[in-house]
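Throughout, protein chains are lettered first and strands after them, A, B, ... in sequence-line order, and every chain is numbered starting at 1. Model, not experiment: these values are computed from the prediction.
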Amino acid sequence: MARLNPNEILRQVEAEGFERVWKRSAELLPKPSGRRERRIGRGESHPLYDLIQRLRELFLEMGFTEVSNPIIIDENEVYKQYGPEAPIILDRCYYLATLPRPDIGLSKAKRREIEKLGVKLTDKRVTAIRRTLRSYKRGEIEPDDLIEALSKALGIPDTTAMLIVSRVFPEFASLRPEPTTQTLRSHMTTPWFLTLQALQYKVDLPLRLFSIGVRFRREQREDPTHLRVHHSASCVVMDEEVDVEEGEEITRNLLEPLGFERFRFVRKDVTSKYYAPGMEYEGYIYHPTMDRWIEVVNYGLYSPIALARYGIEYPVLNVGVGVERVALALYREDDVRRLVYPQFYAELTLSDEEIARMVRIEVEPETPEGSMIKRRIIEEAIRNADKVGPCELLVYDGEVMGRKVRVYLYERDEGAKLIGAAAMNKIYIYKGNVLGIPEDGMEDLELVREARRRGVQTGIRFIDGVASLAARRIEEAVRSGKRRINVRVRIAKRPRDVNIEIGEVARRYITSRKGRIEVSGPVFMGVRAEIESLNPRS
RNA sequence: GCCGGGUUACCCUAGCCUGGUAGGGGGCAGGCCUGCUAAGCCUGUGGCCUAACGGGCCGCGUGGGUUCAAAUCCCACACCCGGCGCCA
């Protein structure tokens with residue numbers, strides 16, 4: 001299998017520069033051979049999004065209409081909603097910063113500054129400056145070379161070019177992001193005010209809306225119960241009159257169908273400023289494996305002051321469910337990082353079943369005749385297993401790709417059985433070990449007994465691997481015009497010796513956990529084939 | 001933000017205190033051995049260079065420094081893992 005070689009690629013980039021290597025980098029990719037046939041089954045969904053999907057359905061059934069709320073919100077909105085509490089909220093927000101856009105248009109002010117440095121700006125030079133800066137921005141000129149490029153383009157000394165860059169275009173020399181007043185929403189509440197304001201005269205009351213989406217919080221560190229980005233399943237009810245009790249009802253209607261039975265709702269003593277005082281509640285569900293109550297929902301009636309700042313004339317109930325928290329309890333997981341980002345946090349664990357699926361016969365016959373030869377070898381070997389050598393059995397007499405082929409199983413040694421004792425061994429996976437063990441016997445070894453009783457069978461025997469290999473070799477011999485071919489396997493020490501391959505992922509997993517790959521034993525199988533020449537008379 | 005632990009080749013791991021040839025195991029590859037099995041022995045297994053078999057240079061997260069000599073000591077940085085704090 002062709003692969004990329006990261007070390008070599010980076011060395012080339014170092015030696016020749018990015019641009020040159022990049023231009024020919026398509027050649028570094030392995031060529032599609034067109035022969036790889038892969039059976040691709042259905043993919044796996046992410047449990048978090050499965051839950052989101054169910055919550056969406058439940059909201060819709062409850063008569064809520066889905067909306068998409070803005071994610072980027074000006075800090076000003078937070079002040080309007082939270083009043084004096086805003087700075088505390090904003091402390092937890094991410095502000096967006098952007099790189100200053102360099103003035104390639106060359107404003108009058110910039111021109112004056114350049115001329116002040118003693119460079120007469122002809123039209124030609126203006127064009128040259130623009131072109132140079134533009135290609136710098138595109139990465140065609142390396143940062144180290146900017147000054148040189150500029151001095152060449154303008155026909156001025158390096159020192160002058162340096163002055164132009166440092167005084168007139170400092171934004172090019174160092175890319176420093178500049179903060180804006182835009183923030184990433186830390187609550188779904190923040191955009192709700194905007195959405196409600198926009199819809200209050202356009203849709204008849206009661207207005208029932210929901211939105212499931214991400215919110216961002218500036219956590220110092222992500223931990224088992226905190227992520228920087230997580231999902232809120234949020235809904236609002238705006239009507240001429242709204243009862244805060246409905247928050248509990250909505251929560252139950254949302255979570256009971258998921259199988260939750262135990263809830264706890266508590267009125268918060270200290271109310272957030274965007275809610276009316278005493279009108280904020282928290283809800284908990286019981287996490288069965290962590291054996292504790294976890295906070296999953298917050299609901300309340302928006303403060304009339306906050307509503308007034310958006311010109312909203314009706315009371316609004318807001319319910320926000322923390323999706324990841326619910327997922328924790330639902331899937332009985334105790335670390336939200338592992339649940340959401342298994343690719344980063346979950347230790348790779350392969351069940352024996354999964355390892356078993358990664359064990360396969362490496363080389364297989366390609367033609368129907370080849371498969372028949374493989375089958376015949378196995379049948380005859382098993383039937384005559386106890387036959388004592390020297391002996392030879394004709395197991396196949398027929399055509400392969402238009403040539404007459406006779407295949408024999410043989411044993412030359414005096415007194416030896418046709419096939420070795422380990423030939424019928426089966427590959428078992430047991431507790432992360434790959435073991436090739438016989439149907440019976442070897443009772444003194446505990447691992448063998450256990451593996452036989454509790455391990456996962458792959459259904460692959462040593463003989464299957466060897467017969468596949470022999471059949472394939474015969475096909476190849478026919479193709480290349482050989483007259484005879486002999487495949488003999490004696491004592492196996494490794495999977496490869498019996499044409500069995502353990503996938504790389506499984507192998508890494510096993511070796512990194514000090515598991516054993518024990519595919520060995522006296523196999524002793526001899527297969528030879530005679531292939532009739534193309535011209536029967538020769 | 002504070003405190004602690006870590007990063008060694010395909011995988012795991014030792015070496016660090018006390019500087020001196022990167023050791024062991026697994027896997028993989030090659031050779032020897034071979035008939036009832038947990039199974040032996042030997043060799044190889046980072047990259048580059050070479051006037052060619054003899055070697056040279058670079059490699060222990062990255063970049064510096066100290067030193068005749070650095071995986072090891074010092075400094076800075078990155079990333080990972082814990083704990084504390086923050087967590088409307």
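- A heavy atom lying under 4.0 Å from RNA chain B marks the following residues of residues 505-513 of chain A, by number: A:Arg507, A:Arg508, A:Thr511, A:Ser512.
- Heavy atoms of A:Arg218 sit nowhere under 4.0 angstrom from any nucleic acid atom.
- Rounded to the nearest Å, the gap between the C1' atom of B:C12 and that of B:G63 is 28 Å.
- For the P atoms, the distance linking B:A71 with B:C79 amounts to 25 Å, nearest Å.
- To the nearest angstrom, C1' of B:C10 lies 16 Å from CZ of A:Arg494.
- Relative ring orientation between A:Tyr299 and A:Tyr281 is described as parallel, the plane-to-plane angle staying below 30° on a 0-90° scale split at 30° and 60°.
- Proximity of residues 273-281 of chain A to RNA chain B (heavy atom under 4.0 angstrom from any strand atom) is not detected for any residue.
- Between B:U72 and B:U8, the two C1' atoms lie 12 Å apart (nearest whole Å).
- Between A:Arg215 and A:Met188 the shortest side-chain heavy-atom distance does not fall below 4.5 Å.
- Under the 3.5 Å distance criterion, with hydrogens and angles disregarded, a donor-acceptor pair is assigned to the side chains of A:Gln81 and A:Tyr310.
- Classification of the A:Phe59-A:Phe64 ring pair by plane angle, with boundaries at 30° and 60°, yields perpendicular.
- Comparing the P positions of B:G65 and B:C80 gives a spacing of 28 Å, expressed to the nearest Å.
- A:Asn298 and A:Glu282 share no donor-acceptor pair across their side chains, judged by distance under 3.5 Å alone.
- Within 4.0 Å (heavy atoms only), A:Arg215 reaches no atom of the nucleic acid at all.
- Spacing between B:G31 and B:C68 at atom P, rounded to whole Å, works out to 50 Å.
- Using atom P as the reference point in both B:A69 and B:C53, the two lie 31 Å apart (nearest Å).
- Nucleic acid contact class of A:Asp413 (heavy atoms, under 4.0 Å, all strands): base.
- Between the side chain of A:Asp91 and the backbone N or O of A:Pro87, no donor-acceptor pair lies under 3.5 Å.
- Defined by atom type and a distance below 3.5 Å, a donor-acceptor pair is present between the side-chain atoms of A:Tyr430 and A:Glu450.
- Looking at heavy atoms from C-beta onward, A:Val505 lies out of side-chain contact with A:Arg508 at the 4.5 angstrom threshold.
- The shortest side-chain heavy-atom distance between A:Tyr509 and A:Glu354 does not fall under the 4.5 Å cut-off.
- Between the CZ atom of A:Arg488 and the P atom of B:G35 there is a distance of 11 Å, rounded to whole Å.
- Remark: A:Arg218 fails to qualify as a cation-pi partner of A:Phe216 under the 6.0 Å distance and 45° angle criteria applied to the six-membered ring.
- Contact check for A:Arg325 versus A:Val336: no side-chain heavy atoms found under the 4.5 Å cut-off.
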Output a table of nitrogen or oxygen pairs between the protein and nucleotides 36-41 of chain B separated by less than 3.5 Å.
{"residue": "B:U37", "atom": "O2", "partner": "A:Ser520", "partner atom": "O", "Å": "2.9"}
{"residue": "B:U37", "atom": "N3", "partner": "A:Asn425", "partner atom": "ND2", "Å": "3.1"}
{"residue": "B:U37", "atom": "O4", "partner": "A:Ala421", "partner atom": "O", "Å": "3.0"}
{"residue": "B:U37", "atom": "O4", "partner": "A:Asn425", "partner atom": "OD1", "Å": "3.0"}
{"residue": "B:A38", "atom": "N1", "partner": "A:Gly436", "partner atom": "O", "Å": "3.0"}
{"residue": "B:G40", "atom": "N7", "partner": "A:Lys493", "partner atom": "NZ", "Å": "3.4"}
{"residue": "B:G40", "atom": "O6", "partner": "A:Lys493", "partner atom": "NZ", "Å": "2.1"}

Pairs of donor and acceptor atoms involving the side chains of residues 387-395 of chain A, under 3.5 Å and at least two apart or interchain, shall be tabulated with distances.
{"residue": "A:Glu392", "atom": "OE1", "partner": "A:Arg528", "partner atom": "NE", "Å": "2.9"}
{"residue": "A:Glu392", "atom": "OE1", "partner": "A:Arg528", "partner atom": "NH2", "Å": "3.2"}
{"residue": "A:Glu392", "atom": "OE2", "partner": "A:Arg528", "partner atom": "NH2", "Å": "2.8"}

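- The aromatic rings of A:His46 and A:Tyr49 sit perpendicular to each other, their planes meeting at more than 60°, with 30° as the lower class boundary.
- The stretch residues 67-89 of chain A touches RNA chain B through A:Glu85, A:Ile89, each having a heavy atom under 4.0 angstrom from the strand.
- Among the protein residues, A:Ser186 comes within range of the nucleic acid bases, having at least one heavy atom under 4.0 Å from a base atom.
- Rounded to whole Å, the separation between the P atoms of B:U45 and B:C10 comes to 13 Å.
- Counting to the nearest Å, the C1' atom of B:U34 and the CE atom of A:Met525 are 17 Å from each other.
- Distance A:Leu90 CG to B:C87 C1': 16 Å, rounded to the nearest Å.
- Within the 4.0 angstrom heavy-atom criterion, no nucleotide atom of any strand lies near A:Glu282.
- Between A:Tyr286 and A:Arg292, every side-chain heavy-atom pair lies at or beyond the 4.5 Å cut-off.
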Under the 3.5 Å Watson-Crick or G-U criterion, the dot-bracket string of RNA chain B, with | for inter-strand pairs:
(((((((..((((......[..))))((((((.......))))))(((((...)))))..(((((..]....))))))))))))....
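- Between the C1' atoms of B:A14 and B:U66, the separation comes to 27 Å (whole Å).
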